[in-house]
Amino acid sequence: MTTVIGEQVEVEVLRDLHERMVRIRLFETEAGRLMEAGRLPGFLHLYVGQEAVAAGVMSTLADTDQITSTHRGHGHAVAKGANLREMYAELFGKVTGYCHGHGGSMHINDLSIGMLGANGIVGAGIPIAVGAAFASAYRDDGGVAVAFFGDGASNIGTFHEAANLAAVLRLPVVLVCENNGYAEFTAQANHMLLADVADRAAAYGMPGEVVDGMDVVAVHLAAKRAVTRAREGGGPTLVEAKTYRYYDHQGVKGLRIQYRTQEEIDAWKARDPIDAAEARMIERGDSSRAELDAVWQRVREEIAEAIAFAEASSDPDPNTDLLRDVYTGTNA
Ligand SMILES: Cc1ncc(C[n+]2csc(CCOP(=O)(O)OP(=O)(O)O)c2C)c(N)n1
Ligand SMILES: [Mg+2]
């Protein structure tokens, strides 16, 4: 596993990584709070705990690079620069949302920033990213695509087909497996025999790298290597980030099934990616506690303003909005 204890990144990079993580954390904790209060319809698969992966990878991408996401996609969208107002509005089911309230959490997308979509079908985003990489290679536009997916998704056929095609065509794509140790309520040891998803890369002739997904600098550096390799024509890389979700599979508390021990949860929380980044920044003298608090405050205000926008927006009108953007009509 790549460790970067002592390895340096520039102060601006670390500040950027930190702020991206704080924005995801606050977006998600507020979304969880609203859900618990019964204010949001639909499912929410929250990203709290995994922030270093989205922040670390997205910090290496150009705005024109493209990503595909998962059912647990808010963090990817936030880190790619999605509009927080439209995101919350979509979670509330309002007309001002990204999908005009038709889609909800698992359909948020924004092609203008290269966010090709969350996806409720496990594994479905991976071939879409490979397709986007194929298009970039075909157009010779220098673009890179990144597919985010979970440990569970690495058992799905689409992963294997897409990885093989990406490798054989040497496409500019990075496959980022966010291994949080569980597929819903099934521990990794019960859904695959490998310890490292990254080992699957060898089957397709591409490099595979395991990285500490709680260390945002480690993720940033691993992603930078993989993205550079992809952009320079070296083909795909499989990056596996070992991470953990603090909340349940869906929602905050979710089901009352005891599938994780409190000791395990506490051990991962003790390695919280934001706490670790802040400790590093203070220790290095990059930022004072007051400066870091100011970042939290600024982002908190941004989030509150976005939620207020969503709350003040209209619900869809069944008379005019029900069939809007519905393309499978029965009209002759
Ligand atoms: C094709 C498909 N099969 C099953 C499901 C139900 N399902 C939703 S999330 C999930 C687990 C996915 O695990 P993983 O890929 O590790 O992602 P995580 O939830 O841990 O982020 C499953 C089985 C689905 N949505 N799509
Ligand atoms: Mg998982």
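Indexing begins at 1, ligand by ligand and atom by atom, following the structure's order.
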query: If you measure only the distance, is there a donor-acceptor pair under 3.5 Å linking the side chains of Asp151 and Gln188?
result: no
query: Take atom CG in Asp63; do more than 12 heavy atoms of anything else shown fall under 6.0 Å from it?
result: no
- prompt: Any side-chain donor paired with an acceptor under 3.5 Å for Asp248 and Tyr259?
  reply: yes
query: Say you draw a straight line from NE2 of His74 to OG of Ser69; how long is it, rounded to the nearest 0.5 Å?
result: 8.5 Å
message: Counting the benzene-type ring for Trp, do Phe27 and Tyr47 have ring centres under 6.0 Å apart?
response: no
message: Side chains of His249 and Arg72 only: does a donor on one sit below 3.5 Å from an acceptor on the other?
response: yes
Measure from every N or O atom of ligand 1 to the protein's N or O atoms and keep only the pairs below 3.5 Å, writing each with atom names and distance to 0.1 Å.
from, atom 1, to, atom 2, distance (Å)
ligand 1, 7 (N), Glu184, OE2, 3.1
ligand 1, 15 (O), Gly152, N, 3.4
ligand 1, 15 (O), Ala153, N, 2.9
ligand 1, 16 (O), Asp151, N, 3.3
ligand 1, 16 (O), Asp151, OD1, 2.8
ligand 1, 16 (O), Gly152, N, 2.8
ligand 1, 16 (O), Tyr182, O, 3.1
ligand 1, 19 (O), His71, NE2, 2.7
ligand 1, 19 (O), Arg72, NH2, 2.8
ligand 1, 20 (O), Asn180, OD1, 3.0
ligand 1, 20 (O), Asn180, ND2, 2.8
ligand 1, 20 (O), Tyr182, O, 2.9
ligand 1, 21 (O), Arg72, NE, 2.8
ligand 1, 21 (O), Asn180, ND2, 3.4
ligand 1, 25 (N), Gly120, O, 2.8
ligand 1, 26 (N), Val122, N, 3.1

- prompt: For the Mg ion (ligand 2), how many protein N, O or S atoms lie at less than 2.8 Å?
  reply: 3
- prompt: Do you see a donor-acceptor pair shorter than 3.5 Å between the side chains of Asn155 and His191?
  reply: yes
message: Which residue is it: His76, Met214, Glu178, Met21? I am looking for the one with a side chain to side chain contact (heavy atoms under 4.5 Å, CB included) to Val53.
response: Glu178
field: Distance-only polar pair, side chains of Gln262 and Asp266, donor-acceptor under 3.5 Å
entry: yes
